[in-house]
*Asks:* 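My questions all concern the structure below.
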Amino acid sequence: MSVKITEKDDVTIRFAGDSGDGMQLTGSQFTNTTALAGNDLSTLPDYPAEIRAPQGTVAGVSGFQIHFGSKAIHTPGDSCDVLVVMNAAALKANLKYLKAGGIIIANVDGFGKRDLSLAKYGPEDKPLEQIQTSGYGLIQLDVTKLTRAALADTGLPPKDVDRCKNMFVLGVIYWLFSRDIKVTQTFIEKKFSRKAEIAEANVLALKAGYAYGGATELFSERFSVQAAQIRPGTYRNITGNEATVIGLAAAADKSGLPLFLGSYPITPASEILHGLSKLKHYNVRTFQAEDEIAAIGSAIGASFGGSLGVTSSSGPGIALKTEALTLALMLELPLVVINVQRAGPSTGMPTKTEQSDLLQAVYGRAGESPVVVLSPESPADCFQMIFEACRIAIEHMIPVMFLSDGYIANGAEPWLFPKAAELPQIKVSFAPPREPEDAPYLPYSRDERLVRPWAVPGTKGLEHRIGGLEKEHGTGNISYDPDNHHQMTLIREQKRNNVAANIPEQKIEEGPESGKVLVVGWGSTHGSIKAAVNELNAEGLAVSHTHIRYLSPFPQNLADLFAKFETILVPEINNGQLIKLLRDQFPAFTFHGFNQVKGTPLPVSALSDAIRRATNF
Amino acid sequence: MVQKTASTNGSTPALKPKDFASDQDVRWCPGCGDYTILKQVQNVMPGLGVPRENIVFVAGIGCSSRFPYYMDTFGMHSIHGRAPSIATGLKTSRPELSVWVITGDGDALSIGGNHLIHVLRRNVDLNILLFNNEIYGLTKGQYSPTSHEGTVTKSTPMGSLDHPFNPAALAMGANACFFARAMDRDPKHLNEMLIRTHQHKGASLLEIYQNCIVFNDGAFEVYTDKQRRSDTALYLEHGKPLVFGKEGEKGIRLDGTRPELVKLGEGQWSESDLWVHDEKDAFKAYLLARFFEDNRHEDRLPRPFGVFLDVERPAYDEIFNRQIEQAYEKKGKGDLDALLAGEETWVVK
Ligand SMILES: Cc1ncc(C[n+]2csc(CCOP(=O)(O)OP(=O)(O)O)c2C)c(N)n1
Ligand code: SF4
Ligand SMILES: [Mg+2]
C-alpha cells in the first residue's frame, strides 16, 4: 500500500482524552520519539484542575500539545494541525484549538449516547458528522474494539486490555508521522519490567496501531518532518521544574554547600519539592513544612547554619512568606525564594499560567525591602537562572526571588545540557574563627560590595546575635538612631543595586540593533515574542526583541538599548507590571503595553498583530 | 553585637555563668520575671558540656523573645511565632548544635501555635522555653491565649471571653515526648528543670510561669506566696507519690482513671494509696495535664510543677540525617553529569 508522504516544516499535535486515558504519557512518548528524530520541539500539558473529575465530562479532559519541526520551534503552538480525541468531551473542550482544515483522529467508541450526554451535547447533536461538514479531516477509529481484537490472545482481563488503548492510538500516530516505535517500546519494557504480560500487551497494542495505520484505507496521506538544523551536541528533553531542580543541585555542587529546601505543596511548584526529595545524595535536604511560613523559616534557619536555604511556592504561598522574607533581608543571609507563578489573585486558576507576581516580587513587602529578582525565559533556562539565583544569593548575602510560571514549569523543550565541569564555581566565604585577643567580630561590617560576613554557629569566637530589629551599621547592635536607620536603608538598597555589576549586559536577541520597534519581554513570553519577531523579520519588518531575565536590579545598559529604538512594546501576561517598573526607572522613554490575562501563553498571532500595529505608532 | 573576649589564652578554661552574658544592657522592666529566668539559664550553661560556639538561642517576638540578645552565644531574634520553624531548619541542617527556642505565650500559642504543635509532633531536638505570663507584655498588656476567662485588659474592658489554652494538654495532644513546668519564683527548681530540658533528646517543652510585673502582676501568686503555695502547687518527682499541703497532708489518688484529692493521716488514706508519679507513663501524663482548673476556685486539684513526661521517640533531626546517609549508602555520591543528562539523551550532529 503506498500512501503519499507529505513533507512538513512544522506540525502541532494535540492529544486529548479523559484523565484516565493516559494522554500525558502518550504525549510525552511522542515527544521523546520526536526529539530523538532530531526535530526541534516545544510541549505543553493541559491538566484538568480536579484530580478525578467525573469520567467523560469536559472538566475531566486532559490534554497534551506538542509543536515540532524541521525549523526552530519557540512555542507549543497557538493551535494544532492534528487533534486526537478519545471521547466526546475531549472534542468539545479542544475543537477550538484546531486549525481550519485540520485533522481530527477520533476514538468513535468515546462518542456513544452516554459520552455525548456527559459532554453536554444535545440529544440531536452528532458532533463527528458536524465536523466533517465543517472542512476538517476526520479519521474515525474504534479504538476499544481494535485494541481488544489485537490483544484477544493475551488472556488479560478487559480492564487491563482497555488500558492499552492509548498505545494503539500512539501506534497509529507514529505511522502517520513516519516515526519509529522503538523508543516507546523500550520505554514500556523498562516501565513494566516487573509485569511482563502488561509490557507485552502495551507493545502489542502499539504495534497493532502502527500496522493498522498502514492497513486501513482511512488515511490518504502520511507526513514526515525532517530533523531540524540545531546546534550540534547532546540533548535531553526538560521541563522548567525539572531544570530548576537540577540547577539547585548543581548550585549545591558548585558552592560546596548543603542545599536545604523548605517547602509546602502547591500547584504548580510541588514538583520542585518532589524532584529535590530524590536528590539527597547530591547534598540536598528537603523539608515539607506545616505551612509556607514554616517552610521559609526553616530555610532561613538552615542558611543561618551555613546551608544554602531555598523555599519554593506559588503566589498565595509567597504572600504568606513575605514577613519572613523581610527578616532574611534584615539578617542579610543567602536565601532563594522560588515563585512558580499561577493565575491569581487568591486561589485564582491554579493550573493556569500568569506573570502577575512581578510587582509583588519587587515591591510587595513591608518597609523598604530590596531583594534581587530574576526570571527564566524558558523551561531549559530555569537551569541557568536558578543557578544564577543561588550564586547571587551566596555571593551577595541577599534574598533572591526566582519568578518562574506554570507555563515554563510544565512546558518542555530540548536542552543542550552542559557538562558539570563547564559550570562556574560559586564562591563561598565564611568568617574564620577568632581568638580572644583578636579584634572583635563585627557582624554588620561590609566589604566593598557592601556584603557582610557569613558567620555560622559552631565557629569559635564568632558568637553573635542577629535579628529583625534595625541594627547599628558595623556592630549590628540594636539601634533606633534616626540617621543610622536612614543610612542602613540606603545601604540595603545600594547593596541590592550593586548586584548589577555582577550580571551580564542586556542584549538584542532578534532583529536589528537599532530601529523602529523593540519588543521587551520577560519570563515565559520569550517563545511567543521570538516566534512573532522572527515571523515579522521574515516578512521584511525590522523589529527587534530583547528579553529581561534580571529584573531587579536591571542590567546596567538597559537605557542604552532603549535609546536606539523609536517605539518600545512590552507584552505581558498580566495587566502591565514590567511596564510600570520600566516607566518608573526609565521615565525618558515611552513604553506601550500589550496585555492578555487569560491564564494562557500569549498567542503568536495576536502578538504579531500587536507588533505590526506598533510599527505604525 | 560585638563579641566580648572570652577568658584567658591556652586550653579552654572552664566557662562561668558570666561568660554567657553578652555586653548588651538588659532592657526588661525592673522586677520582671524574665531576669530570674535569664540568670538561671546562664547558670546552667557552663555545666552542659557544650562548647559555647555550639549553642544557639532562637527567639520569636515579645518581651521574652529579647532573650538571645543577652546571651553571649549565637542567637537570632526572629519574627513573631516563627522561631520553632527557624530552629527546625537550623537543627536539622546542623544536628551537632544545641538549639534553644525562646518564646512567649502569645508567640508560641497564638501566632505560632501551628509551628509549636508541629515541632513537638516531629520531635525536633530543641529545648523550648515558653515564658508564660498570661499576657501580651511587649504590646502593652492585651490578654493572651493563656489568660483566664474574664481577664480585664485594654482590649477586653468587659473581661475576656476566650477559654484559655492549657499548654500541657496541648503538648500531650501534639504527642510531645517531654513536658515540664517551672516558675520564675522558684529558681532552684527552674535550674533543675532547665537541665532536664537540655538532657532530653527530642523536642522538650518547658513552660515557665513568669510574672509580668507591669501588666499581669501576681498572675501566679497562688503558687508562690507562702500562705497558699503548698496547697496549690504540686511538685512532681519521678517514683514518688503525689503529695502536697503544708504538712504533706494531701495527696492525689487514682480512682480508676479519675484523679481524686484525698486527705492523708485521717485513717482512710495513706501514702501507699496514692498515685506514684512516673515520667515514662504517657497515659498518666495526659491526666496530669488535665490538672488545670481555674486557680481562683476553691477545692481544685493542685497545679503540677516538674517533669510530666520524659519519653523517647527518634528525634526528627536524627532520622532526617540518617535518611540522607542511607541515600548516600544506597546510591553513592550523586554524579552531577548523570543528573544533567537524565535518562534519555540524543545527539545532534
Ligand atoms: C506579625 C506580628 N504581629 C504582631 C506583632 C506585635 N506583637 C509583638 S509581641 C506580641 C505579643 C507578645 O506576647 P508574648 O508572646 O506573650 O510575649 P511577652 O511580651 O508577653 O513576653 C505582639 C502581638 C508583631 N511583632 N508581629
Ligand atoms: S512588660 Fe511585663 S513581661 Fe515585659 S518586660 Fe515588662 S514586666 Fe516583663
Ligand atoms: Mg506573654
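Residue numbers start from 1 in every chain, and the chains themselves are labelled A, B, ... in the order their sequence lines are given, proteins ahead of strands.
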*Asks:* Is there a side-chain contact between B:Leu120 and B:Phe179 in this structure, where contact means two heavy atoms from C-beta onward sitting under 4.5 Å apart?
*Replies:*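 B:Leu120 does not reach B:Phe179 side chain to side chain.
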*Asks:* If we count only N and O atoms by modelled type, under 3.5 Å, do the side chains of A:Asn237 and A:Glu413 hold a donor and an acceptor together?
*Replies:*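 No - no donor-acceptor pair under 3.5 Å links their side chains.
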*Asks:* Is a side-chain donor-acceptor pair under 3.5 Å present for A:Glu463 with B:Thr73?
*Replies:*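 No, no side-chain donor-acceptor contact under 3.5 Å.
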*Asks:* Between A:Glu189 and A:Lys191, is there a salt bridge with N-O shorter than 4.0 Å?
*Replies:*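 No.
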*Asks:* Cation-pi between A:Arg452 and A:Tyr444: NZ/CZ under 6.0 Å from ring centre and within 45° of the ring axis?
*Replies:*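 Yes, A:Arg452 lies over the aromatic ring of A:Tyr444.
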*Asks:* Tell me which of these, A:Ala420, A:Gly467, A:Gly474, A:Gly262, has more heavy-atom pairs under 4.5 Å with chain B than the rest.
*Replies:* A:Ala420
*Asks:* Does any backbone or side-chain atom of B:Leu339 lie under 4.5 Å from a heavy atom of chain A? Answer side chain, backbone, both or neither.
*Replies:* both
*Asks:* Under 4.5 Å heavy-atom distance to chain B, tell me which part of A:Ala324 shows up: side chain, backbone, both or neither.
*Replies:*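 Contact with chain B involves both backbone and side-chain atoms of A:Ala324.
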*Asks:* Taking only heavy atoms into account, what residues of residues 100-110 of chain B are found under 4.5 Å from chain A?
*Replies:* none
*Asks:* Looking only at heavy atoms and a cut-off of under 4.5 Å, which of B:Val56, B:Asn54, B:Thr88, B:Ile79 has the most pairs with chain A?
*Replies:* B:Ile79
*Asks:* Hey, is B:Arg121 close enough to A:Glu290 for a salt bridge, meaning N to O under 4.0 Å?
*Replies:*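 Salt bridge between B:Arg121 and A:Glu290, a charged N being under 4.0 Å from a carboxylate O: no.
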*Asks:* Between A:Pro258 and chain B, which part of the residue has a heavy atom less than 4.5 Å away: side chain, backbone, both or neither?
*Replies:*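 It is neither, since no heavy atom gets under 4.5 Å.
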*Asks:* Should the pair B:Arg322-B:Glu329 be classified as a salt bridge under the 4.0 Å nitrogen-to-oxygen rule?
*Replies:*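 The answer is no: the pair does not qualify as a salt bridge.
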*Asks:* Using a strict threshold of under 4.0 Å (side-chain N to carboxylate O), is an ion pair present between B:Asp125 and B:Lys91?
*Replies:* yes
*Asks:* For chain A, which of B:Gln326, B:Arg122, B:Glu325, B:Lys333 has the most heavy-atom pairs under 4.5 Å?
*Replies:*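 Of the options given, most contacts go to B:Arg122.
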*Asks:* Less than 6.0 angstrom separating the ring centers of A:Tyr235 and A:Trp415, yes or no?
*Replies:* no
*Asks:* I would like to know whether B:Gln210 and B:Ile37 meet side-chain contact (heavy atoms from CB on, under 4.5 Å); could you show each step before the answer?
*Replies:* CA-CA 8 Å; B:Gln210 171 245 324; B:Ile37 305 174; 4.0 Å; yes
*Asks:* Using non-hydrogen atoms only, which part of A:Thr234 is less than 4.5 Å away from chain B: side chain, backbone, both, or neither?
*Replies:* both
*Asks:* Can you confirm whether or not the ring centre of B:Phe57 sits under 6.0 Å from the ring centre of B:Phe67?
*Replies:* yes
*Asks:* Looking at every heavy atom in both A:Leu416 and A:Pro232, which two are closest together, and how far apart are they?
*Replies:* CD1-O, 3.9 Å
*Asks:* Side chain, backbone, both or neither: which part of A:Ser277 has a heavy atom under 4.5 Å from chain B?
*Replies:*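 Neither; nothing under 4.5 Å.
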*Asks:* Between A:Phe417 and A:Phe383, is the gap from one ring center to the other below 6.0 Å?
*Replies:* no
*Asks:* If we define contacts as heavy-atom pairs under 4.5 Å, which of A:Ala455, A:Ala421, A:Gly301, A:Pro433 has the most with chain B?
*Replies:* A:Gly301
*Asks:* For each of A:Leu469, A:Ile230, A:Asn32, tally heavy-atom pairs with chain B at distances under 4.5 Å, and name the one with the top tally.
*Replies:* A:Leu469
*Asks:* Which is it for A:Leu259 and A:Leu276 under the side-chain contact (heavy atoms from CB on, under 4.5 Å) test, yes or no, and what are the steps along the way?
*Replies:* CA-CA 10 Å; A:Leu259 183 130; A:Leu276 283 172; 4.1 Å; yes
*Asks:* Is it the side chain or the backbone of A:Ile296 that comes within 4.5 Å of chain B heavy atoms, both, or neither?
*Replies:*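 Nothing of A:Ile296, per the 4.5 Å heavy-atom cut-off to chain B.
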*Asks:* What part of B:Arg66 is in contact with chain A, defined as an atom under 4.5 angstrom from a non-hydrogen atom: side chain, backbone, both or neither?
*Replies:* side chain
*Asks:* Which residues in residues 340-349 of chain B have a heavy atom less than 4.5 Å from any heavy atom of chain A?
*Replies:*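 The list, in residue order, reads B:Leu340, B:Ala341, B:Gly342, B:Glu343, B:Glu344, B:Thr345, B:Trp346, B:Val347, B:Val348, B:Lys349.
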*Asks:* Count the heavy-atom pairs under 4.5 Å between each of A:Asp253, A:Val284, A:Ile238 and chain B, then report the option with the highest count.
*Replies:*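 Top count of heavy-atom pairs under 4.5 Å with chain B: A:Asp253.
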*Asks:* In this structure, is the centre-to-centre distance between the rings of A:Tyr441 and A:His464 below 6.0 Å?
*Replies:*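 Between A:Tyr441 and A:His464, which both carry aromatic rings, the centre distance is below 6.0 Å.
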*Asks:* Taking B:Val99, B:Val119, B:Asp335 one by one, which has the highest count of heavy-atom pairs under 4.5 Å against chain A?
*Replies:* B:Asp335
*Asks:* What option among A:Arg231, A:Lys419, A:Glu323 has the most heavy-atom pairs under 4.5 Å with chain B?
*Replies:* A:Glu323
*Asks:* So B:Phe320 and B:Tyr316, would you call those rings parallel, tilted or perpendicular, with 30° and 60° as cut-offs?
*Replies:* tilted
*Asks:* Side chain, backbone, both or neither: which part of A:Val245 has a heavy atom under 4.5 Å from chain B?
*Replies:* neither
*Asks:* Tell me if a side-chain donor or acceptor on A:Thr239 pairs with a main-chain N or O of A:Glu242 at a distance below 3.5 Å.
*Replies:*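 Such a contact is found between A:Thr239 side chain and A:Glu242 backbone.
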*Asks:* For the interface with chain A, which of B:Ala83, B:Ser85, B:Ser78 has the highest count of heavy-atom pairs at distances below 4.5 Å?
*Replies:*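 Most heavy-atom pairs under 4.5 Å with chain A: B:Ser85.
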*Asks:* I'd like to know which of B:Val58, B:Leu336, B:Ile61 tops the heavy-atom pair count under 4.5 Å against chain A.
*Replies:* B:Leu336
*Asks:* Please give me the minimum heavy-atom distance between B:Tyr70 and B:Gln42, naming the atom from each residue.
*Replies:* O-NE2, 3.3 Å
*Asks:* Is there a donor-acceptor contact under 3.5 Å linking the side chains of B:His115 and B:Arg82?
*Replies:*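 The criterion, which ignores hydrogens and geometry beyond distance, is satisfied for B:Arg82 and B:His115.
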*Asks:* Given the options A:Gly468, A:Gly305, A:Ala227, A:Ala249, which has more heavy-atom pairs under 4.5 Å with chain B than any of the others?
*Replies:* A:Gly305
